[in-house]
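The first residue of the sequence shown is numbered 1, and numbering continues consecutively from there.
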Amino acid sequence: QVQLVESGGGLVQAGASLRLSCAASVRTFSTYTMGWFRQAPGKEREFVAAISWRDRSTSYADSVKGRFTISRDNAKNTVYLQMNSLKPDDTAVYYCAAPPRYFYFPPINEYDSWGQGTQVTVSS
């Protein structure tokens, strides 16, 4: 498994931007698809975005398409989530996660390494 540490959350007003970072402590970071998920109070954890290890292709939830961008820096073992035009509905704890090596875009239940989460609160 991979040790993951998120950072960059905070309290912002609607329309603002935030960039989340997730640092991974593994030498083979470049062989892991990385994902961002979020969980709002009283709701199930949901997929936000993922970036593949193979070709850096990306996938987004419909609710964040056009506003959020996932990227990775393999030299720094870090994945980012740039969040623009934030809305109150984006308020949640955001988690970074990784499935086993070489998985492409697996479902959420295949992700087996999770960070501790970082709180994002968007006020109206």
Side-chain angles (χ1 to χ4, degrees):
Q1 290 189 336
V2 182
Q3 300 297 316
L4 301 169
V5 178
E6 302 98 333
S7 61
L11 170 63
V12 297
Q13 290 188 332
S17 298
L18 278 176
R19 188 177 81 156
L20 305 183
S21 299
C22 172
S25 60
V26 64
R27 292 182 180 180
T28 54
F29 177 75
S30 63
T31 63
Y32 288 86
T33 286
M34 298 299 298
W36 285 98
F37 298 81
R38 67 186 183 186
Q39 188 167 19
K43 295 186 178 181
E44 292 188 355
R45 193 169 298 188
E46 65 176 3
F47 169 77
V48 175
I51 184 167
S52 77
W53 67 271
R54 190 167 67 195
D55 53 11
R56 301 197 182 209
S57 56
T58 57
S59 176
Y60 295 94
D62 288 344
S63 59
V64 306
K65 279 181 182 176
R67 298 188 299 121
F68 291 10
T69 302
I70 188 171
S71 61
R72 65 190 298 157
D73 185 338
N74 288 341
K76 296 182 178 179
N77 283 11
T78 301
V79 62
Y80 304 97
L81 185 68
Q82 178 67 42
M83 305 186 295
N84 298 330
S85 302
L86 282 162
K87 306 175 181 179
D89 284 349
D90 295 319
T91 295
V93 177
Y94 283 71
Y95 298 90
C96 173
R101 293 175 71 186
Y102 304 120
F103 276 48
Y104 193 50
F105 283 129
I108 184 173
N109 62 300
E110 298 283 2
Y111 284 76
D112 61 356
S113 296
W114 293 84
Q116 82 288 351
T118 185
Q119 177 70 47
V120 172
T121 303
V122 184
S123 63
S124 57

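- As a member of the Ile/Leu/Val/Met/Phe/Trp/Tyr network built from side-chain separations under 4.5 Å, Y104 groups with F105.
- The heavy-atom pair separating S124 from P88 by the smallest distance is CB-CG, 3.8 Å.
- Here the closest non-hydrogen pair linking P99 and P106 is CB-CG, 3.6 Å.
- Interatomic distance, OG1 of T91 versus CD of Q119, reported as 7.5 Å (0.5 Å rounding).
- Partners of K65 by salt bridge (charged side-chain N to carboxylate O under 4.0 Å, His left out), not counting sequence neighbours, listed by chain and number: D62.
- Other members of the cluster containing V120 are V2, L4, V12, L18, L20, V26, F29, Y32, M34, W36, V48, I51, Y60, V64, F68, I70, V79, L81, M83, L86, Y94, V122, with ILVMFWY side chains joined at under 4.5 Å, either directly or via other members.
- Between the side chain of E6 and the backbone N or O of C96, at least one donor-acceptor pair lies under 3.5 Å.
- Formation of a donor-acceptor pair under 3.5 Å by the T78 side chain with backbone atoms of D73 is not found in this model.
- Applying the side chain to side chain donor-acceptor pair (under 3.5 Å) definition to pairs two or more places apart or across chains, those involving residues 11-24 are S17-N84.
- Residue pairs meeting the side chain to side chain donor-acceptor pair (under 3.5 Å) criterion with at least one member in residues 105-114: none, sequence neighbours excluded.
- Distance CD/Q82 to CZ/R67: 12.0 Å, rounded to 0.5 Å.
- To the nearest 0.5 Å, the span separating CG on D90 from OG1 on T121 amounts to 11.0 Å.
- Of all heavy-atom pairs between S63 and R38, the closest is OG-NH2, 3.4 Å.
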Which is it for Q3 and V5 under the side-chain contact (heavy atoms from CB on, under 4.5 Å) test, yes or no, and what are the steps along the way?
-> CA-CA 7 Å; Q3 300 297 316; V5 178; 5.9 Å; no
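- Members clustered with W53: Y102, by chain and number, using a 4.5 Å side-chain heavy-atom cutoff among hydrophobic residues.
- Donor-acceptor pairing under 3.5 Å is recorded for the side chains of R101 and T31.
- Distance OG/S52 to CZ/F103: 14.5 Å, rounded to 0.5 Å.
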